[in-house]
Every structure is written in C-alpha cells, then in structure tokens.
Amino acid sequence: IGDQRLMQQNVAIVSLLVAGIAALEEIAWRGLGYGIVEQKWGTRRAFSIVTALYGIAHLPSVVVLAVPGVGWNPLLFLVALGCGIVWSFIVAATGRLTIAVFSHAFFTWLVTVQFPLWRLG
C-alpha cells in the first residue's frame, strides 16, 4: 500500500488523507446507504445489510493484499466486517455520523501509519 517510511515522514498529509477518506466512506455507507436501507427495511435490517455490504466491498483487498508465498489475506475483510458492525451500531444508536467518522479515521490511521496490518515482518 506504500512505503512505510515515506508515510511516516509525511504523517500530516497522510493523516489528512486518511481523515478525508474515512469521512467519505462513512457518508457513503452509514449516511446515504444506511439511510436508504433503513427507510425501506427498518433499523435492524439496515444494520445487518449495510455491514454485510461494507464487508463485501472490501473483498477485493483479500487478493490485493495477498501475502507472497502464503496466499490471500482475509484479514482486511474480517476487520471491515467487525468495524462495520461497530460503526453501524454507532450510527443506529446515536443517529449521527460524527462519532463513526472519527472512529473510522482513527482506526484507519492506526492500521495504515502506526501499526500496518499488511506488513508481517
């Protein structure tokens, strides 16, 4: 996903990009998507459907982040499902995106800059 040293040298830029991407994802998934599904099928189904779709949308990452000599890496898919559950719950419980956006941005920054999940060695 990128040179770790380069990302750490440009922490401010990377942080802004991560925050922007997280905000856009939350607006799309939990803002628009969740709102549309909730109006049609209710809160409980919206929670499950949006979480499942969010996880499915991350399936290509299983192949892209494959570990050489080992194979596909399902970690991002599983993390997306877990985080999708949490962020959907936050939106369902509060009716607001703000907490989910900050949580998503912080989590993404941690796994991108601080503790990259895709680096094994």
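In what follows, every heavy atom counts, from backbone to side chain, and hydrogens, waters and symmetry copies are set aside. Since this is a predicted model, take the numbers as computed values, not measurements. We're numbering straight along the sequence, starting at 1.
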Undergrad: Taking all non-hydrogen atoms of both residues, which atom of P74 and which atom of V62 are closest, and how far apart?
TA: CA-CG2, 3.9 Å
Undergrad: Under a single-linkage definition using a 4.5 Å side-chain heavy-atom cutoff for Ile, Leu, Val, Met, Phe, Trp and Tyr, are L76 and I56 assigned to the same hydrophobic cluster?
TA: no
Undergrad: What do you reckon, is CG of L78 surrounded by more than 12 foreign heavy atoms closer than 6.0 Å?
TA: yes
Undergrad: Check residues 79-90 and write down every donor-acceptor pair under 3.5 Å in which the side-chain atom is one partner and the other belongs to a residue at least two apart or another chain.
TA:
| residue | atom | partner | partner atom | Å |
| --- | --- | --- | --- | --- |
| W87 | NE1 | S103 | OG | 2.8 |
| S88 | OG | T51 | OG1 | 3.2 |
| S88 | OG | G84 | O | 2.9 |

Undergrad: Following the transitive rule for hydrophobic clusters with a side-chain heavy-atom cut-off under 4.5 Å over Ile, Leu, Val, Met, Phe, Trp and Tyr, establish whether I99 and V101 coincide in one cluster.
TA: yes
Undergrad: Tabulate below the donor-acceptor pairs under 3.5 Å that side-chain atoms of residues 17-34 make, not counting sequence neighbours, or state none.
TA:
| residue | atom | partner | partner atom | Å |
| --- | --- | --- | --- | --- |
| E25 | OE1 | Y54 | OH | 3.0 |
| E25 | OE1 | H104 | NE2 | 3.2 |
| E26 | OE1 | R30 | NE | 2.9 |
| E26 | OE2 | R30 | NH2 | 2.9 |
| E26 | OE2 | H104 | ND1 | 2.6 |

Undergrad: Test of understanding: clusters of I, L, V, M, F, W, Y form through side-chain heavy atoms closer than 4.5 Å, transitively. Do L53 and L97 belong to the same one?
TA: yes
Undergrad: How long is the span from the CH2 atom in W72 to the OG atom in S61, to the nearest 0.5 Å?
TA: 12.5 Å
